[in-house]
Every structure is written in C-alpha cells, then in structure tokens.
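Presented below is the structure to which this report refers.
Residue numbers start from 1 in every chain, and the chains themselves are labelled A, B, ... in the order their sequence lines are given, proteins ahead of strands. Values below: every heavy atom of this structure, side chains too, minus hydrogens, waters and symmetry copies.
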There are 2 protein chains.
Amino acid sequence: MRPPTAQEAVLAELRRLLVTGELAPGTPVRQEAVAERLGVSRVPVREALKVLEGEGHVVYLPHRGYVVAELSVADLTEVYRLRELLEAEAVRVAVPRLDDDTVAAIELAAREVDAAGRRGDLAGMTAHNREFHFLLFDAAGLPRLSRTLRQLWDATDVYRAVYFAGPGNRARVEHDHADLVAALRARDARRAVAVQKSHRDSSVVAVTRAIEGRVSPAGSAAAGGGRRAR
Amino acid sequence: MRPPTAQEAVLAELRRLLVTGELAPGTPVRQEAVAERLGVSRVPVREALKVLEGEGHVVYLPHRGYVVAELSVADLTEVYRLRELLEAEAVRVAVPRLDDDTVAAIELAAREVDAAGRRGDLAGMTAHNREFHFLLFDAAGLPRLSRTLRQLWDATDVYRAVYFAGPGNRARVEHDHADLVAALRARDARRAVAVQKSHRDSSVVAVTRAIEGRVSPAGSAAAGGGRRAR
DNA sequence: GGTCTGGATATTGGATCCAATCCTCTGCTA
DNA sequence: TAGCAGAGGATTGGATCCAATATCCAGACC
C-alpha cells in the first residue's frame, strides 16, 4: 500500500499532520524540516504543498513560503452555508438513486462511528463519519459536486475532532445518524435533507466555539481568497 | 507587471494556452517542451502544473505526466447545475450590499464586453465578461464562494470563446447584460437571479454543442481514463 | 531615542544532474 | 501472422547545488 511517488507520500503525511493539529493553524511550514522528517528532498515537498495550497490548507507567499491556513469564524460560517446548499442538492439527487447495498454500507459506517466513539478513537470517528456522509453524497453520481464538498469538509477537518470529543455531541451524532439512515431506508429525500441540516447546524456551534477558543488573539487571518500578493 | 516567481509566469502562460486552445483537451503536456518554450527549467513548470491539476484543468497520472482535461457533456451539465445553485446565492447576498461605485464598475465592464465584441476580440470579450460577472459575485463578500465559482468558470473556459464567436450569441449577451445591470440598479435581487439564470441557460446550449462538435467521435471520454487508441 | 541603512543568515526559487518508470519498436517464437 | 520478450529511447520523479529574496540585527545618522 505504498504510494507510487514520494509527493503522494508527503501529501498524505502532511494531511495527517494537519488533521491531528501537529501542524497548527498559523505556523509556517519549513520545507527543509518536512523533507528531512520524511527522508526526501524538498522537491516533492514543494509539489505536495502546491496541492495543499489549492485546497486552501496552506497559504503561499512568494519568497516567504507556506503557512498553515487559519480559519476565521466568518470563513467557517461561509463553509457551512455552502455545505448547506450543496449537500441539500447532493441528498436530493442521491436518495432516489440509492440501492439497498449502498444503504447497508451507510448503515455499517454509522455503526463504525459508534464503535470508534465507544473506544474513544477520535481519528476513527472522524474517518468513519466522513465515510458515512460521503457514501451518500457520492451516490448522487456527481463527481464535481463530491469534490467540492470534500474541499469544504477538508477546510474544517482540523476542528472536527473537537466536536467528537464532547460526549454530549457523541450521543447527538449517534442519534442523528440513526435518523438519517431511517430516512434513507424510506427513500424520503425531504426528510433526509432536514436531518442533514439539523445535524450540520449542531456541529457548526461546537466548531465555532473551538475556533474562538483556539485562534490566537492577533489572527483573524485569512484562509480564503487571494493567491495574489504584491 | 512581471510576476515575482517563474512558476507564476508559467502558470499564467499555461492558462493562456489552455484558454486559447493551443493546448487542446486530451493532449499530453510535455514538461520539457513547456520549459524550453518559456526559457525556464522543468521545476517551476511542474509546480504550475500541480496548481492546474488542483483546478481540474489537467489530469495527472503518476509517471505518465499531465494531460489537458477533457470535459464530457455530463461534466458540463454538472458544472452548470452547481453554478446555478452557487451564483443564485452569490447574487442574493451581493445585491443588497451593492454600492453605486460597484454598479458603475459592472456597467463599465459590460460596455467593454460590447466594445471587444465589436472589434472581434474574443479574448477581450471573455476577459471582460468574466470581470462583469465576478464584480457582482465578489460583492457578496464571500471569498470561498467566489473561489468555488471561479473554479467552475475555469472548467468551461476552454469552450467559452466558442459561445462568443456566434454573432447571434453576441447580441444575446449584450441584451442580458443590460437587463442584469438594470436589475442591479433597482437592487432587485430576485430579478437579477432570474436574468442570470436565463443568461446561463442560453450559454449551456451553445457550449454543449461546442463540446459535442469538438470531442472525437470515439470519446465521450473523459478526463480520467482514456487510453491511447490509434 | 528613534529611524534608517547595510550586511549576515535563513529560507525559498530555480537549474542541473541522475534514477526510475513507461512507451515503442524490433525481433523472436509458436 | 499473431503474440510475446526485451532493448532502447523518451519522459517523468527526485536529489543536489547554486541563485535570489526576505528577515533580522547591529550600527550610523538625524
């Protein structure tokens, strides 16, 4: 299972560092340090960073390098608004197309989220949670929509573990997932969209708190738009 | 106005080649050739290509290199559906926030589209057309939404010039733009959304035809898997 | 005392070189 | 003749080296 190129290995490792928070928002990424840590030269590191820049995980400043992106509360609000629009579309399209196998797979993913939760495995929870939701989104058969949604999910991944950490939230997740599965079994798109929305709304509150608690007083610093600097 | 780094210069040039169709969909991108043409080494070329890969303009196959992405009709339909959802949101948010200066700038852009059209300058038309629309989208103050929309527009840029080439379409564009400006002046978001939608719908037809006319008979083929046939 | 200038150092950007992989074409074999 | 194996060339992937730029700090000047 090893990647065919070093850039992909570097990319995978950098993603892991970002999700676990070992590379915290706002810190600069030293190419030499990353390269040495992974036992490669700086070239594949640079290419991996270009990918992450495109995904908005790091911001690039010419001749100054890459910095781990920070998510402002405004940014977060925007991400969730876009998710609302796009996930609703995905669910509306996906539900009528669902076959029983897919529903079963979704249900299995839900059980794995619960199992991971019971043994306190946060990484496992986020991974299976993502699987749970994207099995549904992907069922819409709209690859570009899936890809855009993945970008939006990625953007807040750093903070997602915080949500799962709260035991109250864990119960809530379990409950919401069960509701969603029931709606899918009934092929009830409208209800699925509604469940999905309330599920999302409950997490935005928790993640907002996480950001406000973590971000340094100085930094409302931008993750979003601009490539151009001057 | 020269870029601070070679990668950005390469990126700009590659974008130009993609938009003008000099790099046609389906053709492989030879790093060495690009590098030589621009008088740089392959390193900045590779980094620029990684950016374009992230934007979906080229697809990357490990150890085989980059190929200019082809857009299937299904892809196109999806792009326009996503644009419908997201542009409606952008317009709804932007219109109440518009100030007179922005409206004036939008109107100016519209006039520049017309002017470019009259002198048969296709590149100028697409550039100013983009400016026209994104002045409005950006006015929503939602950077991530703008960015996502830019990605969607980029995906079909290759085919956009075809639309402007038709003289009938040019009149249509002129008319639609005028309608939109009127709606913006009146700060009528609902009407702006409607104009925008019908404007978009008329272009999807033309671009679909352009794709069907251009893509090789064999291929509905997509960006992903195409193997060489000969 | 504060601000500006100049140089030392760290870091990134790019070029060149070598290695690994893939593609093609030739020649052999059944 | 069709199919396969292997050699050779083409192309990409990665490492190393050098150049360009930014940052930081000391010292001069107002």
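Contacts of A:Glu84 classified as salt bridge (charged side-chain N to carboxylate O under 4.0 Å, His left out), with partners at least two apart in sequence or in another chain: A:Arg81, A:Lys197. For A:Ser203, the side-chain hydrogen bond (donor to acceptor under 3.5 Å, both in side chains) partners at least two apart in sequence or on another chain are A:Tyr80. Not counting sequence neighbours, the partners of B:Phe134 by the ring-ring contact (aromatic ring centres under 6.0 Å, His included) test are B:Phe137, B:Trp153.
A side-chain donor-acceptor contact under 3.5 Å links B:Arg160 and B:Thr156.
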What protein N or O atoms touch nucleotides 7-11 of chain D N or O atoms at under 3.5 angstrom, if any, and at what distances?
unit_1, atom_1, unit_2, atom_2, d
D:dT11, O3', B:Arg30, NH1, 3.2

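Helix bend of the helix from C:dG1-D:dC30 to C:dA30-D:dT1: the angle between its two end axes, each built from five pairs, comes to 20° after rounding to 10°.
In terms of phosphate contacts, B:Ser41 brings no side-chain nitrogen or oxygen within less than 4.0 Å of OP1 or OP2 of C:dG14. Contact between the side-chain N/O atoms of B:Tyr60 and the OP1/OP2 oxygens of D:dG13 is found at a separation under 4.0 Å.
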Query raised in the report: Between B:Lys50 and B:Glu47, does a salt bridge (charged side-chain N to carboxylate O under 4.0 Å, His left out) hold up when you go through it step by step?
Result: CA-CA 5 Å; B:Lys50 267 281 172 290; B:Glu47 274 170 313; over 6 Å; no

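Put simply, CD on A:Glu32 is 20 Å from P on D:dA22, counting in whole angstrom units. Separating the CD atom of B:Glu47 from the C1' atom of C:dA15 is a distance of 13 Å, rounded to the nearest angstrom. Atom pair B:Leu38:CG and C:dG14:P shows a separation of 12 Å (rounding to whole Å applied). Computed from coordinates, the A:Leu61 CG to C:dT11 P distance equals 16 Å when rounded to whole Å. In this structure, A:Arg46 places its CZ atom 11 Å from C1' of C:dT11, rounding to the nearest Å. Atom C1' of nucleotide D:dG13 and atom CG of A:Leu11 are separated by 15 Å, given to the nearest angstrom. B:Arg42 places its CZ atom 8 Å from the P atom of D:dG13, with the value rounded to the nearest Å.
Between A:Glu78 and B:Arg147, no side-chain nitrogen of the basic residue sits less than 4.0 Å from a carboxylate oxygen of the acidic one, so the salt-bridge criterion is not met. The pair A:Asp138-A:Arg150 meets the salt-bridge criterion, since a charged nitrogen lies less than 4.0 angstrom from a carboxylate oxygen.
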N/O donor-acceptor pairs under 3.5 Å from side chains in residues 33-42 of chain B, not counting sequence neighbours:
unit_1, atom_1, unit_2, atom_2, d
B:Ser41, OG, B:Val43, N, 3.3
B:Arg42, NE, B:Gln31, OE1, 3.1
B:Arg42, NH2, B:Gln31, OE1, 3.2

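Between A:His177 and A:His128, a ring centre-to-centre spacing not shorter than 6.0 Å is recorded.
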